[in-house]
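Below: the structure, in C-alpha cells.
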Amino acid sequence: MDLRVILPRGLELANPVMAASGTFGFGPEYSQFVNIDALGGISVKGVSPEPWTGNPPPRIWETPMGLLNSIGLQNPGVDVFIEKDLPFLRQHQPRVIVNIIGHTVDEYQRVAERLDGLDGVHALEVNISCPNIKEGGMSFGQDPDQAYAVTHAVRQVTNLPIMVKLSPNVTSPVLIAQAIEAAGADMISAINTVVGLAIDIDHRRPALGGITGGLSGPAIKPVALRIIYEVAQAVHIPIIGMGGIASATDVLEFLMAGASAVMVGTITFQYPDRMNQIINELPQVLQAHGFTSLQEAVGAALPGKSTWPLKEEIPYES
Amino acid sequence: MDLRVILPRGLELANPVMAASGTFGFGPEYSQFVNIDALGGISVKGVSPEPWTGNPPPRIWETPMGLLNSIGLQNPGVDVFIEKDLPFLRQHQPRVIVNIIGHTVDEYQRVAERLDGLDGVHALEVNISCPNIKEGGMSFGQDPDQAYAVTHAVRQVTNLPIMVKLSPNVTSPVLIAQAIEAAGADMISAINTVVGLAIDIDHRRPALGGITGGLSGPAIKPVALRIIYEVAQAVHIPIIGMGGIASATDVLEFLMAGASAVMVGTITFQYPDRMNQIINELPQVLQAHGFTSLQEAVGAALPGKSTWPLKEEIPYES
Amino acid sequence: MAIENNWSKSPIIERTDVADSHVELILKSPELAKATPGQFAHVLTPGMLRRPISFSRIDRSQGEVGILFQIVGSGTQWLAQRQVGESLDVLGPLGHGFPAPDPSRPWVLVGGGVGIPPLYSAAETWISTTPNPPFVIIGARKSAWILMEEDFKGLGLAVEVTTDDGSAGYQGTVIGPLEQWLSRHENAQVYACGPTPMLKAVANLVQGQVTAYLALEQRMGCGIGACLACVVPARGEKGLSYRRVCTEGPVFRAEELMW
Amino acid sequence: MAIENNWSKSPIIERTDVADSHVELILKSPELAKATPGQFAHVLTPGMLRRPISFSRIDRSQGEVGILFQIVGSGTQWLAQRQVGESLDVLGPLGHGFPAPDPSRPWVLVGGGVGIPPLYSAAETWISTTPNPPFVIIGARKSAWILMEEDFKGLGLAVEVTTDDGSAGYQGTVIGPLEQWLSRHENAQVYACGPTPMLKAVANLVQGQVTAYLALEQRMGCGIGACLACVVPARGEKGLSYRRVCTEGPVFRAEELMW
Ligand SMILES: Cc1cc2nc3c(=O)[nH]c(=O)nc-3n(C[C@H](O)[C@H](O)[C@H](O)COP(=O)(O)OP(=O)(O)OC[C@H]3O[C@@H](n4cnc5c(N)ncnc54)[C@H](O)[C@@H]3O)c2cc1C
Ligand SMILES: Cc1cc2nc3c(=O)[nH]c(=O)nc-3n(C[C@H](O)[C@H](O)[C@H](O)COP(=O)(O)OP(=O)(O)OC[C@H]3O[C@@H](n4cnc5c(N)ncnc54)[C@H](O)[C@@H]3O)c2cc1C
Ligand SMILES: Cc1cc2nc3c(=O)[nH]c(=O)nc-3n(C[C@H](O)[C@H](O)[C@H](O)COP(=O)(O)O)c2cc1C
Ligand SMILES: Cc1cc2nc3c(=O)[nH]c(=O)nc-3n(C[C@H](O)[C@H](O)[C@H](O)COP(=O)(O)O)c2cc1C
Ligand code: FES
Ligand code: FES
C-alpha cells in the first residue's frame, strides 16, 4: 500500500510516521537503534535564536502510562543547529521539520527567517507553548490573539510549509486552531504535552525541578484524539496528530479522528524501533480495517464521513 | 493516628477518604463489597431537580490507565433521591455529600434549596461541568463569571457546607477557583474528568455514544495534582482532591500538594474495597514519611511549607 | 429471584481450549455456584475494568462453575493464559438471570457465538424440571466457532446447528430454524443470547407474541449498578428509560427493549 | 574512548540475592561485555522508562556482565523477580565510563551503597594494568548493605568498610578513611560512585587538588543523549551548562561539577 502523504507547499512524506520534537534529539542520537531513513519525518528538538539553558533537574518523572518532563527547551540555538546538526540530517531520507521556539514574537520571527531557504529544512513546526515574556508569561498557545500573532509573524518571513503546534491546556483548542489557520499556517500539529505535576513524597516537594511538567505518553491519548476530532471539523488545513501513540492501531485511531499524518514521541524511549515497526505494520492494519489507501482512513470517524449511520447505531451497540 | 478532618461549617470527616461522585451510586450498590461505614464520606451521583435521561450507550471505554465515560448525568431527580436513597444513607456513618447539577443557574438553586436542612445531608458538591443551556452550552465550570454565578446562587439558598468542583478543561483553573471562593464556597473539590475521546476502529466512529467523554483514573493523576498544587496557593479555602487515586501513597501526594481530604473514584470498579484498604494503610504511610498527624501532611510540598530548601536542593537531586 | 452477590478468589481447576481462540475455565467456588443461568462473573484482569463473562456451567452440588470466552482483546487474552491452580478475582454472580421455564410450556434455546454457553447452563439447570426438553438452536459464523454442541447432546437434547458460511449444519442464521420451530409450537418460551443483531432479529420475529428472554451484552464499569455505564434503552415500570444491563439485566423480556 | 552502543536481548545466566533487598544478575552478552567500567545498561522494565544500572562485573573473555541493584521501586522489583533463562532487553553499554587509571599513580576506589558495584568492575578490569593495587573504601548505611566486600578481597585488595550505624567496620562515612588515605598518597586518583551527598563530600575534600572521577546518577529518559532529561550543571568545553549524565557522563571529573 502506498503510504505517501502529500501535504501543503510541496511537503511530501514517504509515510505518515514522524518522530516528535524533543524525543528524538537532532537525529544522530537514535540512529544506531532506529532505521531513521525509513521514517516519514523528524521534528527536531525546539530551537531558539540563541541558546536556552533549560530547567534545573530532575527533568523527568514516570506517571501511570505517562511521563512528565520539564526539559525547559534547552537547546544550543539555531546557529549551532545549522552548523552541527543539519549536515547529518541532510544526508538522510526523512523530511526535516524544525521545531522553533521563542520568548517573544520577534524571536520566533528571527529563528524562522534564519531557517528559510536552507537546504535540508523541509518545514517549520511552531511550538507556541513557550511563555511570552513580554505578556506576563502565559504561553502564546493559550490565547487566540497571541497564537495568531506568532503564526502571522512567522508566515511573513518564510515560504517553508508551517505547522503550528496546539497546546491542550486551553478551554477551547478549536478557537486557537482557527486563529492559527486564519494567520496563514499550512498545517496544525496536535497535541503538545498536558501540564501536570508529581510529588516526590520522600523529599516533600514537587518531583520536577521545574515544578510543573508536560505529560506525554499513552495516558494522554484520549485528550489528543478529542482535540484532533474537534479541530478537524473546525479547520480546513491538515492536522499532524500526536499524543501517546504506541502502535499501528493507535495511528489508525488518529487518522480516523482526522489526522493526515502522525508523530511519535514518548514510546521511543522504551522501544527505540517502535516507529519502524509501526510503519511496517500500518499497511496490514489499514487493510484489516477495510481501507484500500491511507487517505481513505483520514477522518473516517468524523461526522458525515463515518460509514456508520451514527444516530441509528450508537444507541444499540452491536 | 487520628485521621479526622475538620472542614468548614462543621463538616467533620472520620477520615479523609471519600467516594467520588458517580462512581459509587447512591451508597447501597457497593455496600455488599465495601465497609461503607468506614469511609469518611460519600459523594452521591449528581442529582438534578428533575430526572435526567443521560447519554446513549456505549457509555464507557478503557484507555491506557484511564477510563472514558459519557454517562451524561443520568439520575432520577432530587425527589426520588430524597425518598429512596437518603433513608439508606442516613443509617450509615459516612458524611453524605450531595453532588448537584443543573442546566441553568435556577436549576442549581432549586436542587440546593430542596436539600437544605434535610436530615442526613451533610454538604453539597456543586458540579459545574454541566452545559449551560442558556449560554450556548459551554459548561458553567469553564468561565469564571458563570462559575461565580452558580456558586453565588447556591450560597443564597443553603447553609450547608458547599464545595464547588473544578473542571480541568480550562486555560486557568486558578481563575475559576478564585471566582468560586469569592462567591462564597466553603471548599473546592478538584478535579472533575478531563475531556477525551476514543475511536472504535472496528466501527469507524467515536467509541462513546456521547462522542466525547470524561477521562478519569490514574492517567489523570498528574493533571489533578498540578491543579491542586496551583489552586492551593491561590485560595484560602480547603481543597478536596481527586483524580486517579489508587493507593495510600497517592493520597499522600494529594495531601502534600494541598488537599485536605480526597475522593476516590475509578479504582473502585476494579477493587471495590480499595478505599477501605487505603484508610487502613494511611496512618502507617504517614508515619513512614515522618508525619505525626494527618494535618501536617496537608500542603507539605507547597512553597514555603516544604521542609526542603527548594532553591538549594532542586538542581542537585540526591 | 434473590441476588446473592459475592466477591471471591476462585481457583481454576480445569482449563480447556474448546475451539479456535475459545477457552473454558472451570472455577471452584460454592459462592459462584449459587448462580442462576444468565447471571455473570465480573472478572479482574490487568485492564482498568473487570470483564463480564456468563456462566457456561453451574454445578451447585460440586460448587463449581464454568466460564467460556472468546479471545477478543487484552483481557480475554490474559484470561486465556491462566493456568490450573491460579485463582481469579471475581465479583458475582451478578445481574438477573433467566427465569426458570414454565414446565407446562415448550421452550427453545437460541444461542449465537459466545452467547451459547449461558444457554447450556440453562439447559443443564432446568432440564430435569420440565417434562419437555428444550430444543436447541445454535449458530456461529463458521463451524469452528460452534460451541458446546457435544455438551448439549450429552444432555440428550436435539441440536440444530447453523453457520453463516454453511461450513456446518444449516447455512444462515438461527432465525430460520427458530421460525420453523415456533410455527410448530404454541405458547412457547424463547431463551436467547448472542450478538445484538441476532437478538434484534429474535425480538422482531416474536413481535411480543411469544415470550422471549434475551440476555444482552453492554460495556460495563462497576457491574453492580452504581455507575450507569451499561445501559440500554428499555421500558420498565416507570416507562422508557436507560436501564442497566448489569442489574436490571442482562436478561430482559424482548418487549421491554426499545430497538 | 569509543562508545559502542548496542541493543540486545541478553539471557540471564545467574541470579543471586547478594544482600537484604539487593540482587545481582549475570547476563550473557558479548556486546555488553565490551563495556568500560562506569558505563551502564538501560534495561526495559514494565514502566514507561527504562532503568539505568551500572555493570558490576565485565568479563570480556566470557562475554558476560553483571548488574547489581537494590530493590527500590516497581522496576527493580520486577527485575528482582526475573529468573535464570529469561532475557532482559538492554540498551548498552551506554555513557562514558571511568578512564583507565594511570599506572604510575596510586588509586583509590570509594563506593557507597549501590555505587560500589561499578567500582568492583573497575578493580577487576584494571588491577592487572597497574603496579599498585587500588585501595578500596566502601560504605553503607548498615552492614547488611555492604556490597561485594568478599569480591574485592577475592582480588587480593585491602578493603576499608564504613557504616553509618557502626554495625560493621569504621563508624561514619567513607570520607574519613579517604581523607586519611589521601594524606598518605601523593598524586592520587580517586574513583568514586555513590549517593550524591557522598560524591559532593568527595568533591569538597579534593577541592580540585586531587584527580577525582565521580560517577553520577540522574533520572533518565532516552539514556542515549536525545531528550536532555538527565542533566547536571557542569562545566564543559563551552563553559557552564546542563550536561547529560547519559552521554557526557555518568563519569565526570570532580572539578567539572557545579555544586
Ligand atoms: C453480561 C455479559 C456476559 C458476557 N458473557 C460472555 C461470555 O460468556 N463469553 C464471552 O466470550 N464473552 C462474553 N461477554 C463479552 C465479554 O465481556 C467481552 O468479550 C470481553 O469483555 C472482552 O474483553 P477484552 O479485554 O478481551 O477485549 P477489549 O476489547 O480489549 O476490551 C476493552 C473493553 O471493552 C469491553 N468489551 C469488549 N467487548 C465487549 C462486549 N462484547 N461486551 C461487553 N463489553 C465488552 C471490555 O470488557 C473492556 O472493558 C459478555 C458480556 C456481557 C456484558
Ligand atoms: C548511570 C546510573 C547507574 C546506576 N547504577 C545502579 C546500580 O548499579 N545499582 C542500583 O541499584 N542502582 C543504580 N542506579 C539507580 C537505578 O537506576 C534506580 O534505582 C532505578 O532506576 C530505580 O527504578 P525503580 O523502578 O525500582 O524505582 P522507581 O522509583 O519506581 O522508579 C521511578 C523512576 O525513577 C527513576 N529512578 C529512581 N531512582 C533513581 C536513581 N537513583 N537514579 C536514576 N533514576 C532513578 C527510575 O529509573 C524510573 O524512571 C543507577 C542510576 C544511574 C543513573
Ligand atoms: C522529553 C520531551 C521533550 C519534548 N520537547 C519538545 C519540544 O522541544 N518541542 C515541542 O514542540 N514538543 C516537545 N515535546 C512534546 C512532544 O513533541 C509531543 O508533542 C508529546 O510528547 C506528545 O507525544 P507522545 O505522547 O508521543 O510523546 C517533548 C516531549 C517530551 C516527552
Ligand atoms: C462513571 C463516572 C461517573 C461520574 N459521574 C460524576 C457525577 O455525576 N458528578 C461529578 O461531579 N463527577 C462525576 N464523575 C467524576 C468523578 O467524581 C471524579 O471527579 C473523577 O472520576 C476523577 O476521579 P477518579 O480518577 O478517582 O475516578 C464521574 C466519574 C466516572 C468515572
Ligand atoms: S456497569 Fe455500572 S451500572 Fe452497570
Ligand atoms: S536520558 Fe535522554 S539525554 Fe540523557
Side-chain angles (χ1 to χ4, degrees), chain A residues 56-58 61 63-66 68 138 142-143 169-172 194-206 208-209 211-213 215 217-223 225-230 244 246 249 252-254 256-257 289-290 300-301 306-308 310 313-318, chain B residues 56-58 61 63-66 68 138 142-143 169-172 194-206 208-209 211-213 215 217-226 228-230 244 246 249 252-254 256-257 289-290 300-301 306-308 310 313-318:
Chain A
W61 198 265
T63 72
M65 284 308 261
L68 280 171
M138 185 181 263
Q142 292 185 303
D143 176 71
N169 308 299
V170 298
T171 309
S172 177
V194 178
V195 187
L197 175 139
I199 300 289
D200 179 341
I201 57 177
D202 295 326
H203 296 113
R204 298 194 185 183
R205 65 181 187 201
L208 297 172
I211 312 284
T212 62
L215 184 63
I220 68 167
K221 194 178 70 160
V223 178
L225 286 168
R226 187 263 301 190
I227 290 175
I228 291 163
Y229 181 87
E230 289 179 350
T249 53
L252 183 51
E253 278 198 75
F254 277 76
M256 286 191 181
H289 289 83
S306 170
T307 55
W308 280 71
L310 274 174
E313 279 302 317
I314 279 183
Y316 313 107
E317 150 93 332
S318 71
Chain B
W61 197 265
T63 71
M65 283 308 263
L68 279 172
M138 186 179 263
Q142 291 185 304
D143 177 70
N169 308 297
V170 297
T171 309
S172 176
V194 178
V195 188
L197 176 138
I199 301 289
D200 179 343
I201 57 177
D202 295 325
H203 296 113
R204 297 193 186 183
R205 64 180 190 202
L208 297 172
I211 313 285
T212 61
L215 185 63
I220 68 166
K221 195 179 68 160
V223 178
L225 287 167
R226 186 263 302 188
I228 291 163
Y229 181 87
E230 289 179 350
T249 53
L252 184 51
E253 277 197 77
F254 278 75
M256 286 190 182
H289 289 83
S306 171
T307 53
W308 280 69
L310 275 172
E313 279 303 317
I314 279 182
Y316 312 107
E317 151 91 331
S318 72

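Reminder, nothing fancy here: chain letters follow the sequence lines and each chain counts from 1.
- With a 4.5 angstrom heavy-atom cutoff, L215(A) touches chain B only via side-chain atoms.
- Q142(A) contributes a side-chain N or O that, together with a main-chain N or O of N169(A), makes up a donor-acceptor pair within less than 3.5 Å.
- With chain B as the partner, the residue from V195(A), T63(A), I228(A), L225(A) showing the most heavy-atom pairs under 4.5 Å is V195(A).
- Atom CZ of residue R204(A) and atom CG of residue D202(A) lie 10.5 Å apart, to the nearest 0.5 angstrom.
- Interface check for chain B: of the options G196(A), G244(A), G213(A), A198(A), the most heavy-atom pairs under 4.5 Å are formed by G196(A).
- Considering only heavy-atom pairs separated by less than 4.5 Å from chain B, the leading option among E253(A), M138(A), E230(A), M256(A) is E253(A).
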* Asked: Yes or no on side-chain contact (heavy atoms from CB on, under 4.5 Å) for I199(B) and R205(B), after CA distance, side-chain angles and deciding distance?
  -> CA-CA 6 Å; I199(B) 301 289; R205(B) 64 180 190 202; over 6 Å; no
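- Using modelled atom types, no side-chain atom of R226(B) and backbone atom of V194(A) make a donor-acceptor pair closer than 3.5 Å.
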* To do: For the pair L197(A) and I211(A), evaluate side-chain contact (heavy atoms from CB on, under 4.5 Å) and give the outcome as yes or no after the intermediate values.
  => CA-CA 7 Å; L197(A) 175 139; I211(A) 312 284; 3.9 Å; yes
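- With a 4.5 angstrom heavy-atom cutoff, V170(A) touches chain B via backbone and side-chain atoms both.
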